[in-house]
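Written below as structure tokens is the structure these notes are about.
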Amino acid sequence: MVDLPRGGRPRIGGTGRHGGGRAGDLLNVLEDAVRGADAEVGAAASGSGTTLTAGVWTGSRLALAHVGDGRAYLLRDGDLVRLTRDHTAVQARVDAGELDPAEAAAHPDRALLLRALDGAGDGPAPDLSLYEGRPGDRWLLCTDGLSAVVPEAELRAALAAGAGPEDTARALLALADGRGGPDDASCVVADVLPSGRAA
């Protein structure tokens, strides 16, 4: 768990749920949901797979589940922090010191997944984490169709531009489209507002 100061509530370009609950309970529910999704993927498309980066808001907390090469980012006080680690063969080579991040970004095997939802076996173990949001935070969850073609500096600039969550999500997807992204791109942008402020 990463402890970030408490306060505020999310405003999301999409939908969200709010409520209470203990951290362990929330992460267990999220892990169960990932395993259920894995089984559904296997039943619907045997031999195929997909990735998942998903978040659930409860109060000021974001519970995050991650499998594959989608990404989650936090923009706080102007700094963009990547919260997820890619489950790819290339990332494993970066972690082992065999490649540097610049080489990894252009590597032909950068999308070769080590973990995915595919319905095989017991399913992948998702990375689970819990974050405390604070007013002014902006969160981005996206597929590699965005993060693989738009550099983090440009993601940061778009997230910091001051537009609302939905307009920011549209701007980010336009950046991916403008780069001729070879993969489908999707994203969710969420802002944490001060308590009592209407969305």
Side-chain angles (χ1 to χ4, degrees), residues 1-23 25-27 29-31 33-34 37 51-86 126-179 181 183-199:
M1 176 172 158
V2 174
D3 291 316
L4 302 174
R6 289 182 164 259
R9 63 182 184 78
R11 179 181 69 183
I12 302 172
T15 60
R17 296 178 66 82
H18 310 280
R22 293 187 336 224
D25 294 341
L26 182 59
L27 293 175
V29 167
L30 194 53
E31 182 174 25
V34 170
T51 64
L52 173 73
T53 302
V56 176
W57 281 104
T58 179
S60 64
R61 293 184 196 160
L62 175 68
L64 195 62
H66 172 69
V67 176
D69 60 357
R71 298 223 175 132
Y73 294 92
L74 168 63
L75 180 70
R76 175 175 284 168
D77 299 327
D79 294 322
L80 186 66
V81 178
R82 188 169 125 195
L83 303 175
T84 53
R85 182 186 158 281
D86 293 348
D127 290 345
L128 300 168
S129 49
L130 188 66
Y131 300 91
E132 288 288 336
R134 72 178 194 206
D137 284 352
R138 176 162 270 193
W139 304 78
L140 168 65
L141 278 61
C142 65
T143 62
D144 66 322
L146 175 62
S147 61
V149 297
V150 179
E152 286 187 3
E154 292 182 40
L155 294 176
R156 186 206 148 300
L159 289 166
E166 290 184 35
D167 289 339
T168 299
R170 285 188 192 97
L172 288 166
L173 295 178
L175 285 172
D177 287 344
R179 296 223 189 293
D183 201 354
D184 292 335
S186 60
C187 67
V188 174
V189 175
D191 289 339
V192 179
L193 302 175
S195 295
R197 182 171 160 205

For [X] versus [Y], what's the shortest heavy-atom pair and its separation?
X    : Y    : result
V149 : G145 : CG2-O, 3.3 Å
L27  : S129 : CD2-O, 3.6 Å
L30  : L64  : CD2-C, 3.7 Å
C142 : S147 : SG-CB, 4.0 Å

Nearest-0.5 Å distance that lies between atom CG in L141 and atom CG in L146: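 Spacing of CG (L141) from CG (L146) equals 11.5 Å.
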
From L193 atom CG to D137 atom CG, the distance as rounded to the nearest 0.5 Å: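 Nearest 0.5 Å value for the CG-CG distance: 10.5 Å.
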
Working for side-chain contact (heavy atoms from CB on, under 4.5 Å), residues L159 and V189: CA-CA 8 Å; L159 289 166; V189 175; 4.3 Å; yes

Sequence-distant partners of T168, side-chain hydrogen bond (donor to acceptor under 3.5 Å, both in side chains), two or more places apart: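 T168 satisfies side-chain hydrogen bond (donor to acceptor under 3.5 Å, both in side chains) with R138 only.
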
L26: which of V56, L128, L62 passes side-chain contact (heavy atoms from CB on, under 4.5 Å):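 Answer to the side-chain contact (heavy atoms from CB on, under 4.5 Å) test with L26 among V56, L128, L62: V56.
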
Of all pairs that satisfy ring-ring contact (aromatic ring centres under 6.0 Å, His included), the ones with a partner from residues 58-79, not counting sequence neighbours: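 Sorted pair list: H66-H87.
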
Just to verify, what does [X] make a salt bridge (charged side-chain N to carboxylate O under 4.0 Å, His left out) with, not counting sequence neighbours?
X    : value
R170 : E166, D167
D86  : R71, R82
D77  : R134

Does any non-hydrogen side-chain atom of [Y] lie less than 4.5 Å from one of [X]?
X    : Y    : result
T84  : D127 : no
V188 : W139 : no
C187 : L173 : yes

Just jot down the side chain to side chain contact (heavy atoms under 4.5 Å, CB included) partners of [X], sequence neighbours excluded, or say none.
X    : answer
L175 : V150, E154, A158, L172
A160 : L75, R156
V34  : L52, A65, V67, L117, P126

Heavy-atom donor-acceptor pair, S60 side chain to E132 backbone, under 3.5 Å: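 The answer is no, because no donor-acceptor pair under 3.5 Å joins these two groups.
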
